[in-house]
Amino acid sequence: MFNKPLVIVVGAGASHDVYGLPLGGTLAEKIAGDTDFMFAHYVNRPTRGDADLFEHVIYRKFHGDRSKLDLYTSAGHKLAAAIGSAVSVDDALYQLSDFPEAVELGKACIMRRILAAEAASDLKIKPDRGEPSPTAGRDGWIEQLFSLAIANHRLADIPNAFKRLTIINFNYDRCIEHYLFWSLRRIGVPTDEAASTVAGLNILRPYGTLGSVLPNSKSFLQFGADANSSVSLDLTSRIRTFTESQSLHDTDQLAASLEAAAMIIFLGFGFHPQNLKLLAMPQQQTWGSARTIATAFKVHEANLPEWRTAIAETMWIEPNRIEFHSMTASTVLKELRMKISMAIG
């Protein structure tokens, strides 16, 4: 039960934990291979690179325009080369910001890889059931959050359990909405009510999303949908990378949520300067009072003082109210449940 405002800040590590979505390095490596096209003589389908990417994203749109096909093939080569020396896909796309075709192709690759990871995750919908396995993701952090939220609520009141929760999700995947919808259905909330509850969640996505997992939404794209039939260059405007200056969320709403928070929890967040910049609060006369917990799984302790300083100076949180735990997202919500409950319950 959340009696006080709670903000969860979600990074790539949280989606990788249990749910298997790719971390930045793995995603970059895959996309570099996807876009390094090579063709045999007189063959339109590449013999190297992701042939389905070329056929279904590039050739499908520009099959009658040889100059465009050559332009996007060249863009793929530029992207593959840039990723080889860049820290991440986002950094590579920033290097190539003067080549819009490379940026557009990179975003299409991100969307395709995220859909493939969703389809391969335990959360995927089972064709014979029309829903995920009832045990899928039960060891994950979203289940822990769901359990915290609905505690001490009657079934009829559960749709109100998330009113004081804000999720700032820096990832493109839809594991949160997908899992919460099916969890609500699992415990007996009617389909329409479960959908409206998920649609009403205060989830802010600075970099956008592939689309809604709710079938009645205008931007519906099924969780784990087939990339060949679902991804086109026309959909790439749904997402942005961290090197693009304009975010796809309401900055005033984000600031208001952080200012009101009694507790802020960072899950799998890497504290990249550009991401912290999006969380920046106006300078204040006094420190904010939000208690702050952050996962630091496999992070060397020598980095933590700098992380603490970055959070404090960016978000105006009193440094002694910031704590780090060398745990995964799932473990921190499970092991610190009592602490969290006492702070906001």
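A quick note: this is a predicted structure, and the numbers were derived from the prediction, not measured. Positions are given from 1, in the same order as the sequence printed here. Note: hydrogens, waters and symmetry copies are ignored here, and every other heavy atom, side chains too, is used.
- Applying the salt bridge (Lys or Arg N to Asp or Glu O under 4.0 Å) test to pairs two or more places apart or on separate chains, those with a residue in residues 100-117 are Asp34-Arg113, Asp50-Arg112, Lys107-Glu244.
- Looking at Asp226 and Ser229, their side chains do bring a donor and an acceptor atom within 3.5 Å of each other.
- The backbone N or O of Met1 lies less than 3.5 Å from no partner atom in the side chain of His153, so there is not a single donor-acceptor pair.
- Taking the six-membered ring wherever Trp is involved, the centroid distance between the rings of Phe2 and Phe162 does not fall below 6.0 Å.
- Residue Ile264 forms a side-chain contact (heavy atoms from CB on, under 4.5 Å) with just one option from Ile322, Val9, Ile311, and that option is Val9.
- Contacts of His56 classified as side chain to side chain donor-acceptor pair (under 3.5 Å), with partners at least two apart in sequence or in another chain: Arg60.
- For the atom pair CG (Leu214) and CZ (Phe223), the distance works out to 13.0 Å, reported to the nearest 0.5 Å.
- Residues passing the side chain to side chain donor-acceptor pair (under 3.5 Å) test with Lys61 are Asp234, sequence neighbours excluded.
- The environment of CD in Glu29 is sparse: at most 12 heavy-atom neighbours from other residues, nucleotides or ligands sit within 6.0 Å.
- Between Glu318 atom CD and Thr292 atom OG1 the span is 10.5 Å, to the nearest 0.5 Å.
- For the pair Ser121 (side chain) and Glu118 (backbone), a donor-acceptor distance under 3.5 Å is present.
- Nearest heavy-atom pair, Ala92 versus Ile83, reported as atom, atom and distance to 0.1 Å: CB-CG1, 3.6 Å.
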(Q) For a side-chain contact (heavy atoms from CB on, under 4.5 Å) check, start with the C-alpha distance between Ile203 and Ile168, then their side-chain angles and the critical distance, and finish with the verdict. (A) CA-CA 6 Å; Ile203 300 182; Ile168 304 173; over 6 Å; no
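- Side-chain atoms of Cys109 and Leu53, non-hydrogen and from C-beta on, do get closer than 4.5 Å to each other.
- Surrounding CG of Asp250 are more than 12 heavy atoms belonging to other residues, nucleotides or ligands, all under 6.0 Å away.
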Q) Stepwise, does the side-chain contact (heavy atoms from CB on, under 4.5 Å) test hold for Asp52 with Val57? A) CA-CA 8 Å; Asp52 286 335; Val57 174; over 6 Å; no
Q: Please lay out, stage by stage, how Leu279 and Phe271 fare under the test side-chain contact (heavy atoms from CB on, under 4.5 Å).
A: CA-CA 10 Å; Leu279 299 173; Phe271 296 97; over 6 Å; no
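- Listed by first then second residue, pairs satisfying ring-ring contact (aromatic ring centres under 6.0 Å, His included) with a partner in residues 198-220 read Phe170-Tyr207, not counting sequence neighbours.
- Within a 6.0 Å sphere centred on CZ of Arg66, other residues, nucleotides and ligands contribute 12 heavy atoms or fewer.
- In this structure Phe181 satisfies the ring-ring contact (aromatic ring centres under 6.0 Å, His included) test with no other residue, sequence neighbours excluded.
- For Arg291 (side chain) and Ile340 (main-chain N/O), no donor-acceptor pair under 3.5 Å exists by modelled atom type.
- For the 3.5 Å distance criterion, the side chains of Lys30 and Thr26 fail to qualify, holding no donor opposite an acceptor.
- In this structure, CG on Leu6 lies 8.5 Å from CD1 on Ile167, to the nearest 0.5 angstrom.
- Pairs engaging residues 90-124 under the ring-ring contact (aromatic ring centres under 6.0 Å, His included) rule: none recorded [sequence neighbours left out].
- In terms of heavy atoms, Val10 sits closest to Ile176 at CG2-CD1, 4.2 Å.
- Interatomic distance, CG of Leu155 versus CD1 of Ile150, reported as 9.0 Å (0.5 Å rounding).
- Aromatic ring pairs are classed by plane angle as parallel below 30°, tilted from 30° to 60° and perpendicular above 60°; the pair Phe269 and Phe266 is tilted.
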Got a list of side-chain donor-acceptor pairs under 3.5 Å for residues 295-306, not counting sequence neighbours?
residue : atom : partner : partner atom : Å
Thr295  : OG1  : Gly268  : N            : 2.9
His300  : ND1  : Ala302  : N            : 3.0
Asn303  : ND2  : His300  : O            : 3.4

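- Counting only distance, with no hydrogens or angles, the side chain of Tyr72 and the backbone of Phe54 share no donor-acceptor pair below 3.5 Å.
- Residues Thr209 and Asn169 fail the side-chain proximity criterion, which asks for heavy atoms closer than 4.5 Å.
- In this structure, Tyr179 and Tyr19 have tilted ring planes: the angle between them lies in the 30° to 60° band.
- Within the structure, salt bridge (Lys or Arg N to Asp or Glu O under 4.0 Å) contacts touching residues 177-198 (residues at least two apart or in different chains) are Glu143-Arg186, Glu177-Arg205.
- Taking all atoms of both residues into account, the shortest heavy-atom contact from Leu267 to Ile8 is CD1-CG2, 3.7 Å.
- Taking the salt bridge (Lys or Arg N to Asp or Glu O under 4.0 Å) definition, one finds that Asp36 meets it with Arg48, sequence neighbours left out.
- For the residue pair Asp65 / Ser67, a side-chain donor-acceptor distance below 3.5 Å is found, with atom types taken as modelled.
- Within the 4.5 Å cutoff, the side chain of Gln222 has no heavy atoms near those of the His178 side chain.
- His63 is linked by a side chain to side chain donor-acceptor pair (under 3.5 Å) to nothing, counting only residues two or more places apart in sequence or in another chain.
- Here Met338 is tied into one hydrophobic group with Met342, each link being a pair of ILVMFWY side chains closer than 4.5 Å.
- Side-chain contact between Ile344 and Leu148 is absent, with no heavy atoms from C-beta onward closer than 4.5 Å.
- In this view, Asp122 satisfies the side chain to side chain donor-acceptor pair (under 3.5 Å) rule with no residue, not counting sequence neighbours.
- Nearest heavy-atom pair, Asn171 versus Ser15, reported as atom, atom and distance to 0.1 Å: ND2-OG, 3.0 Å.
- For the pair Thr35 (side chain) and Ile31 (backbone), a donor-acceptor distance under 3.5 Å is present.
- With salt bridges taken as basic N to acidic carboxylate O contacts below 4.0 Å, none links Lys124 and Glu131.
- With hydrogens and angles disregarded, no donor-acceptor distance shorter than 3.5 Å links the side chain of Ser230 to the backbone of Ala225.
- A donor-acceptor contact closer than 3.5 angstrom is absent between the side chains of Thr328 and Ser330.
- Atom CD of Gln95 is separated from atom CG of Asp91 by 7.0 Å, given to the nearest 0.5 angstrom.
- Under the 3.5 Å distance criterion, the side-chain polar atoms of Thr236 are matched with a main-chain donor or acceptor of Leu233.
- Formation of a donor-acceptor pair under 3.5 Å by the Ser219 side chain with backbone atoms of Gly211 is not found in this model.
- Nearest heavy atoms, Leu165 versus Asn202: O-CB, 3.6 Å.
- Of all heavy-atom pairs between Leu115 and Ala227, the closest is CD1-CA, 4.1 Å.
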Q: Take Asp98 and Lys78 through the salt bridge (charged side-chain N to carboxylate O under 4.0 Å, His left out) test and state the conclusion after the steps.
A: CA-CA 11 Å; Asp98 292 332; Lys78 288 184 174 67; over 6 Å; no
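- In this structure, the side chain of His325 does not engage the main chain of Met327 through any donor-acceptor pair within 3.5 Å.
- No side-chain heavy atom of Leu123 sits under 4.5 Å from any side-chain heavy atom of Trp182.
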